[in-house]
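Given the structure is predicted, the values throughout are model-derived calculations rather than measurements. Letters go in sequence order (proteins before strands), and every chain restarts at 1.
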Amino acid sequence: MGGNSDMKLIDENGIRIDGRKIDEIRPMKIEAGVLKSADGSAYVEIGKNKVLAAVYGPRECHPRHMQNPAKAIVQCKYNMISFSVSDRKRPGPDRRSVEISKLISEAMEYVVFTENYPRTSIDVYIEVLQANAGTRCAGLVAASVALADAGIPMKDLVPAVAVGKVNDQVVLDLNKEEDNYGQADLPIAMIPRTGEVLLMQMDGHLTQAEFDKALEMGVKACQEIYDLQKDALRRRYAIVNAEAEEETREPTEDVNEEA
Amino acid sequence: MGGNSDMKLIDENGIRIDGRKIDEIRPMKIEAGVLKSADGSAYVEIGKNKVLAAVYGPRECHPRHMQNPAKAIVQCKYNMISFSVSDRKRPGPDRRSVEISKLISEAMEYVVFTENYPRTSIDVYIEVLQANAGTRCAGLVAASVALADAGIPMKDLVPAVAVGKVNDQVVLDLNKEEDNYGQADLPIAMIPRTGEVLLMQMDGHLTQAEFDKALEMGVKACQEIYDLQKDALRRRYAIVNAEAEEETREPTEDVNEEA
Amino acid sequence: MGGNSDMKLIDENGIRIDGRKIDEIRPMKIEAGVLKSADGSAYVEIGKNKVLAAVYGPRECHPRHMQNPAKAIVQCKYNMISFSVSDRKRPGPDRRSVEISKLISEAMEYVVFTENYPRTSIDVYIEVLQANAGTRCAGLVAASVALADAGIPMKDLVPAVAVGKVNDQVVLDLNKEEDNYGQADLPIAMIPRTGEVLLMQMDGHLTQAEFDKALEMGVKACQEIYDLQKDALRRRYAIVNAEAEEETREPTEDVNEEA
Amino acid sequence: MARSIVSEIKRDHIHKLIADGKRVDGRAWDQVREISIQTNVVETAEGSSRVRIGNTEVIVGVKMTVGEPFSDTPNKGVLSTNAELIPMASPNFESGPPDPESIELSRVVDRGIRESQMIDLEKLCIEPGKKVWINFVDIYVLDFDGNLFDACSLGAVAAIKSAIVPAKANGLGEDYPMPTTCTPISVTSLQIENSLLVDPTLDEEKVATARLTVTTDDNGDLRAMQKGLSGALTLEQVNTAIETSRRLGIEIRKLIR
Amino acid sequence: MARSIVSEIKRDHIHKLIADGKRVDGRAWDQVREISIQTNVVETAEGSSRVRIGNTEVIVGVKMTVGEPFSDTPNKGVLSTNAELIPMASPNFESGPPDPESIELSRVVDRGIRESQMIDLEKLCIEPGKKVWINFVDIYVLDFDGNLFDACSLGAVAAIKSAIVPAKANGLGEDYPMPTTCTPISVTSLQIENSLLVDPTLDEEKVATARLTVTTDDNGDLRAMQKGLSGALTLEQVNTAIETSRRLGIEIRKLIR
Amino acid sequence: MARSIVSEIKRDHIHKLIADGKRVDGRAWDQVREISIQTNVVETAEGSSRVRIGNTEVIVGVKMTVGEPFSDTPNKGVLSTNAELIPMASPNFESGPPDPESIELSRVVDRGIRESQMIDLEKLCIEPGKKVWINFVDIYVLDFDGNLFDACSLGAVAAIKSAIVPAKANGLGEDYPMPTTCTPISVTSLQIENSLLVDPTLDEEKVATARLTVTTDDNGDLRAMQKGLSGALTLEQVNTAIETSRRLGIEIRKLIR
């Protein structure tokens, strides 16, 4: 948080620099099943963020000593590709992405029925192709859709969004300028069915009243995002079913290893 | 060794800049059993040096291929914490500490009855909290007290001290200024009972006569340090016994895993 | 390829700066069996290049997961020592040497009868002591002689040479200046008995006609180099036989572990 | 094997106590272990502290050097916070590059200091765009019995408050105390089953389902938060954790001179 | 075990088809899969592309910064090409430092661009010996079904051709398109038994014995070649691969705007 | 298994011989193997040597570049010594970052050169505080049959003495020989049971209990020492090792031109 509140980011009518209202999320697009090699995948755009997620597994867990005899482990790797940000990022994990990967892994571990797949690993790879504030939330949104696309049983999908404070006002889903010059950032991820919090971080400066308002806004937005996630999966199933039918009609001579 | 003998480090009365005589060690404080998690530990101050040592083991040796079916291996890791020196040291091992760790490991391996614990590892961690010349010797002193505190059978404790040459005179236990501007440095570690040499390094410039004198001084000082090591252990046993008695009287309801 | 053809590297009589003709290789020296510890070794000089190769194996393959139950794997490591080039090279592999190591390994794997030694590794270490263009070819030449010296059954030796384009002319076996200021470089390695290509790389600019001419020159030169390789092995066998005879006469009392 | 059976027993024991509203060491759910804070423990650092919370012990040093500012904050000093989980502190810590646990720890401690604007970084600018003070806050865990987030934060805050800017040695006038604005305090609540408790021991952490660290400033405002582990928290638990952090923060803040 | 039996069957199947002059997906030996090229897919890059060849997909970005030239080419911009085989793209790719496969791939793609002098590096000199444009061409493989050499080269070439030099943001006048001179195209031929075929799928690569990548320029001249794998190629096969690359290169070059 | 039985037999054999005052290769306890020293073996280095002691062989190069001095020695050139135990030299050496053995070796060789002030580093100052000669002494072990400390030291000393400062190529006047002051020689004594012997072979090193390397200068004064391995030395053994090093040092020093 720059904490610099001199820059005017909200006008007198409560409209933000990208034309949104205080409590409005950016345009969002979710697509499931976008990659062929992965067991499940999803592509998410939230404003100018573009994020891909791919799932492999359940599969044998390497290295062995990380295996859990009672359940699967969920390993998420969040990564920004080198040209996704203004200044080229050197390839490979930095400390920020290690922390985010840990938090996303923990959140996903909660929703996956890991007891179904002892000793295995479920690996989720999140690649940020273009970043514009809110990529960890976009990554969470993509990850749970990709897990569902991979057919892995889950308690629920995981919507996520960041709320923040800009020009002394609580606003929903910060864009890059708001993130850079804002006063607080509060990313949250929810379990929609129970209203529980799965991820919560905060930095900046919030009074209790501001926090209460932010949390309320975030909870509501998560429901919206949850609907978009379900839509994406419905569209995906429709396509898969259509393809399956077609395949039944015209069998190919392909020898399929994974079949 | 700077080799710069222009700087006057010993006055006409044979008194050094910190007030010591030629053959006098710095004030020394040794305390055993200072950490709770470690199996044994020791804290040593020698002049302005502050050093902690912790022992874990005998315990399973990782990685496996390092196991010795006939005896325990002793692995000492000497490390300077980042703010223990004037210029911040980047965390992690440098070449100097790798060499010192190797030499301390070899010395400790000699005194531990390693045949008693085949296939195990005895791990000694030495952390220099504040450095002022002579930290490898302080580390050795702390390591052998920590090993004894861990209840590991040993041939003997290992006192150690550096002798050096400053302003063309042989002097005992160099401090930082003497080390920086001195002409020779000769750290030694001894087996007090047999008078054998367990560690010996030298750099700088010594004639045979100077070396003989230095070795004599060092051997004598090691006996002094040896007494302080034994004292520390005696005090420690007194406390342990007192605690043990007390525990017999008031049992706690704590379920103790390691018990 | 610098691509800078302004510098005159061939005179009006078709003579190059080191006195060679267009289709002439640099003076070459090959010696087999130059190291004691290695199972096989070779030393090669080509012009100002000096290259050593050592072979260890067939021996147990580490790490285990790289073992092939059907055959040996051949692992070549090409390395330039730090002072082999004008600007000191930091020790350790760079991307260039990783690529060259891969290509040499692939080439050697083809000629070794790897099925004879399942689960093992045959390790070839190539150290460039002095570099002057053409070191990958010199390394290949040395590697196959060292493999033969180690007594490892092979389909054939592997001669190699680079052809290039300098001052718009196709020339054989570029030296350093020609490499720096030339227009194309085409290193090739052959199987002499079948005329097949085992290594081929190219960079720069060649028309089809130039390529055809270059390939023809390279194939011819490989035969020359092949003869030198065989010579070196013949000389080596003569020495080995002489030594063996001598040993039969005067047995030493040495207890020989590897015997 | 034997060990994991003991672990099972211990786990059940802790769960049973918690269900009865009790803790293994007899503390109340919102009671912090004994805290000891020593400062100026290492002469070679500009500021330093040694902090114990129960049997957890950390040593923290602040080193300051003159360097270049980041290009996007030309008139501010630089802060770098690093926590090392050295093998001395626990049989389960290993040497080597930082693992995700120590990276998360470093970053959470860093955020508490950075986002509370505890250090007045603008006062650590020497020449805008060219020369500023670089602060390295290095934390070493010496003895590990749970609650590293709070122990490390407390150690860092105490070390920073004790630091003297080494202006003289750098030819920049007289030395002066580190310019600070407030005293951020982090308090971590742990979820075990459906209960919350503060300042967990290592044994309690082993059976925890979720964790929420809340850092407040002198006004009781929120400055940083971090939820961890793979459990879910109810909104009520989040609010309890915040309220507890604010309340205990007032007491803990008094311990720092 | 089960898997390797299936592999054996698949291998035999491919071999049998090849012997009959056929391929698994019905293509002719010199027929390339469907190619799709999108450019300007990432706003944060100076140039970018997303390229699919069959089920193989890559994304490429070009980032440009102002920096120092190499001392031996004081009047030329700098090119750095890097390909990442990220685990998203295949169950067999792993995180971590680049392995020999990805290093070879990066270097072969780099040579195609560098040796064809596709980028007019002299036009990317700002102040000789002091300031030049540094070009980072970063390639990420997103979905892997064979023929990375050609997919990555094509992606890199398309991204470079779409790049706009960010002069304005660097205070160096108006933005202008990346100065390029030609469009190098690489075509890879694979040897399976004694046959050659182009644009191999992953399954075909698994049974291959040798590989030859040939990069030609707009004139059909050779700019870079790379033979790989441990098989041997006859001189005739080398010539066929070159001829095929030149011929298909003309068609593929048309797809790039 | 078979191998370790052979090792046992060999160990016993060596021990038995030593007990009788004999060595496997028939040398006296204070007899060094045949030494061969070649210099100027690599043109691309400023100085170089190839040294054999028995079947142990090393190659050493000295590279010199112009760079900045360390801030605490502004008027002195810089020395950096590095020994690489490359896998070419022994079935037991592995590729990778330096292990403790090679680090100790590098540092002991370095100390012999540095502490004897063999190189007159003040004469390698070009412009105090700004420009000095940086010396990289790089040692590669090519063939390993024991006694690397002495072989590497000897190689380094020979290479340094053969070096020509490349002043001309750096625009600093005429080339001139490396300024040196003396010829430090290290001699290593090995303890096996209660005996000492010099210039050990690999087989002897395998059964050794302690090692003492002593480096003397032209006057026979001590310049560096290093005790290694986990055995203990009596004071008498220390004195014998010193006396032997001084005596043999005189002979070995004559071999270096």
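- Nearest heavy-atom pair, B:Leu140 versus B:Ala189, reported as atom, atom and distance to 0.1 Å: CD1-CB, 3.8 Å.
- With chain F as partner, the option from B:Glu99, B:Met108, B:Met190 having the largest number of non-hydrogen pairs under 4.5 angstrom is B:Glu99.
- Considering all non-hydrogen atoms of both residues, B:Leu198 and B:Ala107 come closest at CD2-O, 3.6 Å.
- Rounding to the nearest 0.5 Å gives a distance of 11.5 Å between CG of F:Leu85 and OH of F:Tyr140.
- Interface remark: of the candidates B:Glu210, B:Glu109, B:Glu106, B:Glu106 forms the most heavy-atom pairs closer than 4.5 Å to chain F.
- For B:Ile188, no part lies under 4.5 angstrom from a heavy atom of chain F.
- Of the atoms belonging to F:Glu101, heavy atoms from both backbone and side chain fall under 4.5 Å from chain B.
- The residue among F:Arg223, F:Glu243, F:Gln237 with the most heavy atom pairs within less than 4.5 Å of chain B is F:Arg223.
- With a 4.5 Å cut-off on non-hydrogen atoms, B:Leu103 touches chain F through its side chain but not through its backbone.
- Without hydrogens or angle criteria, B:Asn167 side chain to B:Gln169 main chain gives no donor-acceptor distance under 3.5 Å.
- Annotation: side chain of B:Cys61 is in contact with side chain of B:Met66 (closest heavy-atom distance under 4.5 Å).
- For the set F:Arg114, F:Gln226, F:Met225, F:Glu104, the entry with the most heavy-atom pairs within less than 4.5 Å of chain B is F:Met225.
- Around atom CD of B:Glu216, no more than 12 heavy atoms belonging to other residues, nucleotides or ligands sit under 6.0 Å away.
- At a threshold of 4.5 Å between non-hydrogen side-chain atoms, the residues F:Asp110 and F:Leu79 count as touching.
- Summarising the geometry of B:Ile225 relative to B:Val141, their closest heavy-atom pair is CG2-CG2, 3.9 Å, with the distance given to 0.1 Å.
- In plain terms, the two heavy atoms of B:Val55 and B:Ala150 that are nearest each other are CG1-CB, 3.8 Å.
- In this structure, B:Gln75 contributes its side chain and B:Val124 its backbone to no donor-acceptor pair below 3.5 Å.
- Within the 4.5 angstrom heavy-atom criterion, only side-chain atoms of F:Arg111, from C-beta onward, approach chain B.
- Only the side chain of F:Asp217 comes within less than 4.5 Å of a heavy atom in chain B; its backbone stays farther off.
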Inset, instruction - Could you please spell out the steps behind the side-chain hydrogen bond (donor to acceptor under 3.5 Å, both in side chains) verdict for B:Ser121 and B:Tyr56? - result: CA-CA 8 Å; B:Ser121 176; B:Tyr56 285 92; over 6 Å; no

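- Heavy atoms only, all atoms of each residue included: F:Val207 and F:Ile14 are closest at CG2-CG2, 3.8 Å.
- With chain B as the partner, the residue from F:Ile103, F:Asp99, F:Leu235, F:Thr216 showing the most heavy-atom pairs under 4.5 Å is F:Ile103.
- Using a 4.5 Å cut-off between heavy atoms, F:Arg246 touches chain B through its side chain atoms alone.
- With a 4.5 angstrom heavy-atom cutoff, F:Asp72 does not touch chain B via any of its atoms.
- Listed by sequence position, the residues of residues 180-199 of chain F in contact with chain B number zero, using a 4.5 angstrom heavy-atom cutoff.
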